Amino acid sequence: MNCILCEGPATLFFIEPRNQYQYLHCQTCDLRFLHPRFRLTSKEEHSRYLLHKNDINDLEYQKFVSPLYKVVLDRCSSDSIGLDYGCGAAPVVSHLLTQQGYSILHYDPFFKPDIGVLEKKYRFILAVEVVEHFYDPGRELLKLSHLLDPEGALGIMTLLYNPTDSFESWYYKNDPTHVCFYSELTFQWIVSKFGFSSCTFYGPRTLWLSR
Ligand SMILES: [Zn+2]
Ligand SMILES: [Zn+2]
């Protein structure tokens, strides 16, 4: 089948022994993704998200998002307006940024389906543990790039796949709501195709795409 990010040819590269789920790899953009036939239904997906701990004051989760929080403090002035895309039920990073004076709007297809916020332009968009859930990453990333102002940036948290690591023992793929897996190469491809000028990585799960 064709790649769900770049539409290039994608080939089967792994079958999970536990459940026979098939994973495909694209040589063009280096995306790895679950074959669409093994995806959860939207209802199943929603009920999985309801099992997540949803508390904006959860200190563990505050620590988890701190790399991205620090990048925003560093790179965006506190009078800039951001969008927390796929914020879930407990938008922790935007809660922390709001305390620092930032204005942040929220969108989530399950928990905050306010499509009006998708008609504005933003200095920054944050997607925390979101992009690995995209069923149509090409379309979603195009949409997000259009929501940025000319100086805008997209801050992402997702665990990057390092192609030298074993996919079989990589825990991140075992969450049934995780359907696409990006490497550093994938984000370099995204930079060139969606009008960004650079991508900076802050450790294995935080990155910043600048226009
Ligand atoms: Zn691809
Ligand atoms: Zn996730």
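Numbering of ligands and ligand atoms starts at 1, following listing order. The model shown is predicted, which means the values in this text are computed figures rather than measured ones.
For the atom pair CG of Leu159 and CD of Glu132, the computed distance is 8.5 Å after rounding to the nearest 0.5 Å.
Looking at Tyr161, Phe167, Phe38 one by one, the single match for ring pair (Phe, Tyr, Trp, His ring centres under 6.0 Å) with Tyr23 turns out to be Phe167.
Residues forming a side chain to side chain donor-acceptor pair (under 3.5 Å) with Ser78 (at least two apart in sequence, or on another chain): none.
Annotation: His35 is not in aromatic contact with Tyr21 [ring centroid separation under 6.0 Å not met].
Of the angles at the Zn ion (ligand 1), the one spanning SG of Cys3 and SG of Cys29 is 100° when given to 10°. With the Zn ion (ligand 1) as the vertex, SG (Cys26) and SG (Cys6) define an angle of 100°, rounded to 10°. At the Zn ion (ligand 2), the vertex angle linking NE2 of His133 with OE2 of Glu132 is 100° (nearest 10 degrees).
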